[in-house]
Amino acid sequence: MLYDYPRIEKKWQAKWDEAHAFEAKQDFSLPKYFALVEFPYPSGQGLHVGHPRPYTALDIVSRKKRMQGYNVLFPMGWDAFGLPTENYAIKNKIHPKIVTERNVARFKSQLKSLGLSFDWSREINTTDPSYYKWTQWIFLQLFKSGLAYKKEMAVNFCTSCKVVLANEEVISGSCERCGAPVIRKVKSQWMLKITEYAEKLINGLDGLDFIERVKAQQINWIGRSTGAEILFDTTTGDQLKVYTTRCDTLFGATYMVIAPEHEFVDKHRSLIENIDEVDAYKLEASKKSDFERTELVKEKTGVELKGVKAINPANGNEIPIFVSDYVLAGYGTGAIMAVPAHDERDWEFAKKFGLPIVEVVAGGNVEEAAFTDVATGVLVNSGFITGLEVEDAKAKMIEFLEEKGIGCGKVNYKLRDWVFSRQRYWGEPIPVVNCPKCGWVAVPEDELPLELPEVESYEPTENGESPLSLMTDWVKCKCPKCGGAAERETDTMPQWAGSSWYFLRYCDPHNDKALASREALEYWMPVDWYNGGMEHTTLHLLYSRFWNNFLHDIGTIGVAEPYAKRTSHGMILGENGEKMSKSRGNVVNPDDIVRDYGADTMRLYEMFIGDFEQAAPWNPQSIKGCKRFLERFYNLVEIADGNGTTPELEKHIHKLIKKVESDIDSMKFNTAIAAMMSCINTIYEVGKITKDELSTLAKVLSPFAPHVAEEVYSLLGNEGLVSLAKWPEYDESKTKDDTVAMPVQINGKVKSVVNLPVNASKEDALSCAKADEKVAQAIEGKTIVKEIVVPGKIINIVVK
RNA sequence: GCGGGUGUGGCGGAACUGGCAGACGCGCCAGACUUAGGAUCUGGUGGACUUCCGUGCAGGUUCAAGUCCUGUCACCCGCACCA
């Protein structure tokens, strides 16, 4: 029979649609399963072969769960706000809404052609006002809770996109999207206090089934450190506060360093004798981007503040104060106590400027290098903490500081607040109004959504303001509080906004009273399995956990953590093993593969290509193997009849069901497919199979290659869809063999293999082994030293 | 520097708590059917070659190591002057 995949695939896709086969049921009494893949940004390029890998994987999971009786929610939507669409709109003078519609239509037809079992009745689009109404609503809740605030700050500004970027969007000093250099620019920005949730975002990971690298990366990104804040008196009469993780080394602090942006300098200008030199240094530092300041392993620079000194509170010594850009303004207090004997950076700086290096923890040679080992050191030259180990010394020091009222224990995070403003058109308008009298006032919730106005040009203004700022009619409004003249915020939200809560909307996508009904959220949340790219670990994944935690805190949703399980797929690389990209010319178009081999082959190949979590290069040759397998499966219909089976085949099928089931649950799709291939090979060897058995095989294969499975299932005379059939159950006893081939080793080297009953005794096994000709030969004339029999595994006879 | 990961045939990759290394697929070789085949089917396929050697490298534990331990090298990803 000809495997006519275009006809088969079209036919079953139509039948699934007709039957609404994959729509999640509204029956909340059923056991539920919420499987989620990251919704795509509908770019102009269309689907990439990388997209279907995770989609197919969770499609397999969803299809199997559905067959196992779960009420499955497997939704899809569009994360459609964003720069590429806007840039395309600017260039071609088309409304971004039109561009988005076009791209979405293309993506959707591509996804449909793959036979993915998405519940399209729940399709969402972040640019839809009925959707972003709730994105804005969440922002207002954050605003009302004091978690959204406006701040003048130096931000990352992409010179090409003319847009502010979050720290997470800056890669090695360049814009994540376009690669243009990023500069620092002072702007007034909306910020979200994600730092307030730092602790929760770390602790929340505890009970979650996230792959280790995701947890580690998030923890690393949040960067919790435990230390102390200490106040130093200075000769100005003012005090300087520092943050340190090594308060035990306070006696070794021989100078202080403040960041160039630190307010101390401006506050005490008149006392600083070399103020010109200091100003020059500050100016130089301010010109550099964050990247330039940190990039090179360069020599440390700095300027001493002449005429002022600080006092070490431990020993009363006067110590110099420096300005240096190796101290960051944005972390801790922007000032440090320098302990050159026990900190590499301070050591380097001290060596360059000839500053004293005083050893306070014994164990190293501080003239040679900083001694930073905290596990073995013992305090010296340190007054009341001399002789203590580091950890004890820290505790004692904090006690001392608190007693004196000059310090306390303190936890710091590397995580920064989230820069939430973009000066762009194609994003959710931030629903607040600036009133000269009342300040920033929330747009009333009943006025949401605050829709994007039509504008003449989508281009940001020359000074980097949003194009919305030119819409005077839209900007001018009345203050919701006092009714006076006021102006709307013209910044829009970043692309991350819409994706920070989309999983909630899927639970109840058409609700116009709330972001989702309480019952739907209670039933569906948390997401049972969320798969997505590693590149989103410190962005989307962290942001959405933050929002969900927040919504939990204000009572909108019952669970704090949105995702019970998080996994990540490996990238599909080009044939040459490099990342696929237009410039490298190694891009594969999924449409071509579907056309030339069929969707089932495409799906199967992407799952068979390698370990799901690992990157794998595309190989056009290998696809054929998957197609051959499906053809061979399809042609079994001609062999299948009502005649009796063989016990061997029966067992093989029971084993197969068991293996495929557990392999899907543990993401080992490649070995599940290998097992199915083996099984089909066996059937061709045996030369027969019953219709019932083939129907069972169709069920087992259906999550992977659903179209051909449906076709075979129906050709065999079965009623209904295999996609909605009951997942076959295996008989545990039939997955076990009665006899086992046991390798026999002599001194650890395999000499022969003997067939034994599974439950053979050690004595029987050994006598059987020794009866073997080759074994007998090998042990003849030797002394048996030891005999090992591992039932079902191996026999090893040690001889001398 | 810190954190995470990966090294197995010509290639992608298998190998559960240590127990026949190389499942499955690609490629390759031979044969069959063909006017033909970049289609299909059948058989073979780690390397030397009859006894060994082989899972990045060097040691160790064990009756037995890809798997455990110690050391080491290479590559990939994330963060990076975070005090």
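All values below were derived from every heavy atom in this structure, side-chain atoms included, with hydrogens, water molecules and symmetry-related copies excluded. Just so we're on the same page: letters track the sequence lines, and every chain starts at 1.
Here the C1' atom of nucleotide B/rA23 and the CG atom of A/Leu656 are 14 Å apart, to the nearest Å. In this structure, A/Gln621 places its CD atom 15 Å from P of B/rC11, rounding to the nearest Å. A/Glu229 has its CD atom 12 Å from the C1' atom of B/rA83, to the nearest Å. In this structure, A/Lys658 atom NZ and B/rC16 atom C1' are separated by 10 Å, rounded to whole Å. In this structure, CD1 of A/Ile680 is placed 16 Å from C1' of B/rA23, rounded to the nearest angstrom. Whole-Å rounding puts the A/Ile321 CD1 to B/rA83 P distance at 22 Å. Atoms CE (A/Met676) and P (B/rA14) sit 15 Å apart, rounded to a whole Å. Rounded to a whole Å, the CH2 atom of A/Trp347 is 16 Å from the C1' atom of B/rG1.
Residue A/Asp611 is in sugar-phosphate contact alone, with no base atom involved, counting any heavy-atom pair closer than 4.0 Å across all strands shown. Residue contacts shown for A/Asn412 are absent, as no nucleic acid heavy atom lies under 4.0 Å away. Nucleic acid contact class of A/Val790 (heavy atoms, under 4.0 Å, all strands): base. Residue A/Gln745 is classed as a base contact, given a heavy-atom separation below 4.0 Å to a base. Among the atoms of the strands shown, only primed sugar atoms or phosphate atoms (P, OP1, OP2) are found under 4.0 Å from some heavy atom of A/Ile609. Across all strands shown, A/Ala675 has no heavy atoms under 4.0 Å from either base or sugar-phosphate atoms. A/Lys668 comes within contact range of the sugar-phosphate backbone alone, with a heavy-atom separation under 4.0 Å but no base atom that close.
Closest to the side chain of A/Asn670, out of B/rC79, B/rA14, B/rC41, is B/rA14. The nucleotide whose nearest atom lies closest to any side-chain atom of A/Ala741 is, among B/rC20, B/rC63, B/rC81, B/rC20. Residue A/Tyr326 has its side chain nearest to B/rC81 when only B/rC20, B/rC81, B/rG78 are considered. Of the candidates B/rC26, B/rA15, B/rC53, B/rC26 carries the atom nearest the A/Asn619 side chain, counting heavy atoms from C-beta on. Among the nucleotides B/rC63, B/rG78, B/rC24, the one closest to any side-chain atom of A/Phe608 is B/rC24. Distances from the side chain of A/Asn220 to the nucleotides B/rG13, B/rC79, B/rU42 place B/rC79 closest. In this structure, the nucleotide among B/rA83, B/rU40, B/rC41 sitting nearest to the side chain of A/Glu631 is B/rU40. The side chain of A/Met677 lies closest to B/rG25, out of B/rG25, B/rC63, B/rU6. Taking every side-chain heavy atom of A/Arg628 into account, B/rC26 is the closest of B/rA23, B/rG12, B/rC26. In this structure, of B/rG25, B/rU42, B/rC63, it is B/rG25 that holds the atom nearest to the side chain of A/Asn681.
A 3.5 Å limit on both hydrogen-bonding distances identifies no Watson-Crick or G-U partner for B/rC20. Of the nucleotides present, B/rC57 is the one that pairs with B/rG71 by Watson-Crick or G-U wobble criteria, both distances under 3.5 Å. B/rU40 and B/rA32 make up a base pair, with Watson-Crick or G-U wobble contacts both under 3.5 Å. Across the strands present, B/rG1 finds its partner in B/rC79; the criterion is a Watson-Crick or G-U wobble pair with both atom distances under 3.5 angstrom. Under the Watson-Crick or G-U wobble criterion, with both distances below 3.5 Å, B/rG66 is left unpaired in every strand shown.
One finds no salt bridge joining A/Lys655 and A/Glu648 here, because no Lys/Arg side-chain nitrogen approaches an Asp/Glu carboxylate oxygen to under 4.0 Å. In summary, A/Glu348 and A/Lys352 do not engage in a salt bridge, as defined by a charged side-chain N under 4.0 Å from a carboxylate O.
Separating the C1' atom of B/rU72 from that of B/rC77 is a span of 22 Å, rounded to the nearest Å. Here the separation of B/rU17 from B/rU67, taken at their P atoms, is 13 Å to the nearest Å. Look at the C1' atom in both B/rU8 and B/rU55: the space between them is 4 Å, to the nearest Å. To the nearest whole angstrom, the two C1' atoms, one in B/rC11 and one in B/rA58, are 29 Å apart. The gap from the C1' atom of B/rG54 to that of B/rG47 amounts to 7 Å, rounded to the nearest Å. Across the C1' atoms, B/rG27 and B/rU35 are found 28 Å apart, a figure rounded to whole Å. Distance noted for atom P between B/rG10 and B/rA65: 23 Å (whole Å). The C1' atoms of B/rA64 and B/rA15 are separated by 16 Å, rounded to the nearest whole Å.
Atoms CD1 and CG, from A/Ile609 and A/Leu604 in turn, are 11.5 Å apart once rounded to the nearest 0.5 Å.
Judged by closest nucleotide on RNA chain B, A/Glu212 is the one of A/Glu212 and A/Gly223 placed further toward the 5' end. Residues A/Lys786 and A/Gly334 each lie close to RNA chain B; by heavy-atom proximity, the contact nearer the 5' end of the strand is made by A/Lys786.
A/Phe371 approaches A/His342 most closely through the heavy-atom pair O-ND1, 2.8 Å. The two atoms that bring A/Thr567 and A/Lys565 nearest to each other are CG2-CE, 3.9 Å, heavy atoms only. Taking both residues in full, the closest heavy atoms of A/Val360 and A/Gly252 are given as CG1-N, 3.5 Å, listed atom of the first, atom of the second, then distance. Between A/Asn747 and A/Val799, the shortest heavy-atom contact is OD1-N, 2.9 Å.
Residue A/Phe612 is tested with A/Lys668, A/Glu606, A/Met667 for a side chain to side chain contact (heavy atoms under 4.5 Å, CB included); the sole match is A/Met667.
Counting distance only, with no hydrogens placed and no angle test, the side-chain atoms of A/Lys793 and the base atoms of B/rC20 include no donor-acceptor pair under 3.5 Å.
OP1 or OP2 of B/rG27 lies within a sub-4.0 Å distance of a side-chain N or O belonging to A/Lys624. In terms of phosphate contacts, A/Tyr331 brings a side-chain nitrogen or oxygen within less than 4.0 Å of OP1 or OP2 of B/rA83. Note on A/Ser622: every side-chain N or O is 4.0 Å or more away from OP1 and OP2 of B/rG27.
Residues A/Leu201 and A/Leu205 fail the side-chain proximity criterion, which asks for heavy atoms closer than 4.5 Å.
In this structure, B/rG38 shows a glycosidic angle more than 90 degrees from zero, which is the anti conformation.
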